[in-house]
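Comments concern the structure below.
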Amino acid sequence: MSLKEYKKKRDFKKTAEPEGREKSGPHGPKLIYVIQKHNASHLHYDLRLEMDGVLKSWAVPKEPSADPTVKRLAVAVEDHPLGYEEFTGTIPEGEYGAGTVEIWDKGTYQLVEKSEKAYVVELAGKKLKGTFYIVKLKPGEDKKNWLFFTKK
Ligand SMILES: [Mn+2]
């Protein structure tokens with residue numbers, strides 16, 4: 001887990017996004033869960049889960065769903081710093097991710113299971129609640145594509 005890629009992509013003199021610090025310990029007694037609606041060149045939803053001192057992140061091209069018949073593609077992106085869960089506003093034109101960011105859902109979560117190819121989490125948000133799965137589409141390959149869904 002590292003913020004190197006996050007920092008490399010951004011000019012903190014131009015964007016109001018948090019510069020962030022590497023942290024080793026947990027942020028608080030409960031792990032952070034957030035989904036930010038990011039209206040950039042393509043509208044998407046950024047799913048972020050606190051893990052090992054950073055926010056592990058996936059970009060979900062379509063609105064996440066509490067409907068167990070709906071599975072969403074979730075593309076792994078760079079780790080974001082703790083504190084990013086509070087960020088809303090506009091990333092200026094010409095900067096990485098230019099566009100608006102708002103909170104779509106926010107809360108805490110519990111990690112139920114974690115492996116190379118899947119995370120099982122218990123989300124306690126306002127829109128999404130209960131057991132959700134983030135499953136790698138092609139286990140074994142270095143692919144960024146995961147699926148994000150719940151079950152009955
Ligand atoms: Mn984004």
Side-chain angles (χ1 to χ4, degrees), residues 1-10 15 17-40 42-89 91 96-97 99-152:
M1 303 281 170
S2 159
L3 296 175
K4 218 168 153 184
E5 198 182 338
Y6 174 85
K7 291 185 179 190
K8 209 167 81 185
K9 285 180 167 172
R10 291 168 175 82
T15 181
E17 292 165 287
E19 195 163 345
R21 279 187 208 155
E22 321 269 346
K23 289 193 184 176
S24 49
H27 179 78
K30 293 201 168 172
L31 296 168
I32 294 162
Y33 146 69
V34 70
I35 294 177
Q36 284 156 317
K37 184 176 180 180
H38 187 181
N39 202 352
H42 295 280
L43 174 66
H44 61 273
Y45 298 80
D46 288 306
L47 165 66
R48 308 192 199 282
L49 297 171
E50 179 183 354
M51 242 174 247
D52 304 327
V54 295
L55 295 172
K56 201 156 172 58
S57 301
W58 291 263
V60 181
K62 287 185 181 174
E63 188 173 78
S65 179
D67 179 346
T69 66
V70 174
K71 286 186 168 78
R72 292 300 189 216
L73 176 69
V75 181
V77 296
E78 76 275 17
D79 294 340
H80 278 51
L82 291 174
Y84 202 95
E85 74 280 1
E86 306 283 350
F87 179 73
T88 58
I91 299 168
Y96 181 73
T100 58
V101 176
E102 58 187 280
I103 307 293
W104 184 82
D105 195 22
K106 194 180 172 184
T108 60
Y109 84 99
Q110 283 184 295
L111 187 62
V112 179
E113 218 179 294
K114 179 183 170 180
S115 72
E116 281 284 293
K117 53 185 179 183
Y119 295 95
V120 183
V121 293
E122 191 75 22
L123 297 183
K126 289 201 168 120
K127 287 184 173 134
L128 302 187
K129 295 178 174 108
T131 309
F132 278 76
Y133 299 78
I134 307 161
V135 177
K136 216 172 212 175
L137 262 177
K138 289 185 178 172
E141 285 180 43
D142 187 26
K143 296 267 181 172
K144 289 178 180 289
N145 292 345
W146 299 63
L147 286 177
F148 177 53
F149 58 93
T150 187
K151 286 181 186 170
K152 262 180 211 163

Are any of the side-chain heavy atoms of [X] and [Y] separated by less than 4.5 Å?
{"X": "Phe149", "Y": "Pro64", "value": "no"}
{"X": "Val77", "Y": "Ser57", "value": "yes"}
{"X": "Leu73", "Y": "Trp58", "value": "no"}
{"X": "Leu47", "Y": "Ile134", "value": "yes"}
{"X": "Ile35", "Y": "Lys106", "value": "no"}
{"X": "Tyr33", "Y": "Val121", "value": "no"}
{"X": "Leu31", "Y": "Leu49", "value": "no"}
{"X": "Lys56", "Y": "Arg48", "value": "no"}

Heavy-atom closest pair, residues [X] and [Y]:
{"X": "Gly97", "Y": "Ala40", "answer": "O-CB, 4.1 Å"}
{"X": "Ile32", "Y": "Glu85", "answer": "CD1-OE2, 3.4 Å"}
{"X": "Pro18", "Y": "Pro81", "answer": "O-CG, 3.9 Å"}
{"X": "Ala59", "Y": "Pro61", "answer": "O-CD, 3.5 Å"}

Set of residues satisfying side-chain hydrogen bond (donor to acceptor under 3.5 Å, both in side chains) with respect to [X], sequence neighbours excluded:
{"X": "Gln110", "answer": "none"}
{"X": "Lys9", "answer": "Glu5, Glu78, Tyr96"}
{"X": "Tyr109", "answer": "none"}

Between Phe132 and Val112, is the side chain to side chain contact (heavy atoms under 4.5 Å, CB included) condition met? List the steps. CA-CA 10 Å; Phe132 278 76; Val112 179; over 6 Å; no
To the nearest 0.5 Å, what is the distance between [atom1] ([X]) and [atom2] ([Y])?
{"X": "Thr150", "Y": "Lys129", "atom1": "OG1", "atom2": "NZ", "result": "12.5 Å"}
{"X": "Leu55", "Y": "Tyr84", "atom1": "CG", "atom2": "OH", "result": "10.0 Å"}
{"X": "Ile103", "Y": "Lys127", "atom1": "CD1", "atom2": "NZ", "result": "10.5 Å"}
{"X": "Arg72", "Y": "Glu63", "atom1": "CZ", "atom2": "CD", "result": "7.5 Å"}
{"X": "Tyr119", "Y": "Met51", "atom1": "OH", "atom2": "CE", "result": "5.0 Å"}
{"X": "Phe87", "Y": "Thr15", "atom1": "CZ", "atom2": "OG1", "result": "5.0 Å"}

Determine whether Glu102 and Thr88 satisfy the following criterion, side chain to side chain donor-acceptor pair (under 3.5 Å), listing intermediate values before the conclusion. CA-CA 5 Å; Glu102 58 187 280; Thr88 58; over 6 Å; no
Quick check against the 3.5 Å criterion: does [X] have a side-chain atom that pairs as donor or acceptor with the backbone of [Y]?
{"X": "Asp79", "Y": "Val54", "answer": "no"}
{"X": "His44", "Y": "Lys37", "answer": "no"}
{"X": "Gln36", "Y": "Tyr45", "answer": "no"}
{"X": "Asn145", "Y": "Leu137", "answer": "no"}

Take Asp52 and Lys114 through the test salt bridge (charged side-chain N to carboxylate O under 4.0 Å, His left out) and record every step on the way to the result. CA-CA 12 Å; Asp52 304 327; Lys114 179 183 170 180; 3.7 Å; yes
Please lay out, stage by stage, how Asp67 and Thr69 fare under the test side chain to side chain donor-acceptor pair (under 3.5 Å). CA-CA 5 Å; Asp67 179 346; Thr69 66; 2.8 Å; yes
Give the C-alpha distance, both sets of side-chain angles, the deciding distance and a yes or no for side chain to side chain contact (heavy atoms under 4.5 Å, CB included) between Ile91 and Val101. CA-CA 8 Å; Ile91 299 168; Val101 176; 4.0 Å; yes
Within a radius of less than 6.0 Å around NZ of Lys71, do more than 12 heavy atoms belonging to other residues, nucleotides or ligands occur?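 No.
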From CA spacing to verdict: ring pair (Phe, Tyr, Trp, His ring centres under 6.0 Å), Phe148, Tyr133: CA-CA 6 Å; Phe148 177 53; Tyr133 299 78; 9.8 Å; no
Derivation and outcome, salt bridge (charged side-chain N to carboxylate O under 4.0 Å, His left out), residues Glu17 and Arg10: CA-CA 9 Å; Glu17 292 165 287; Arg10 291 168 175 82; 3.1 Å; yes
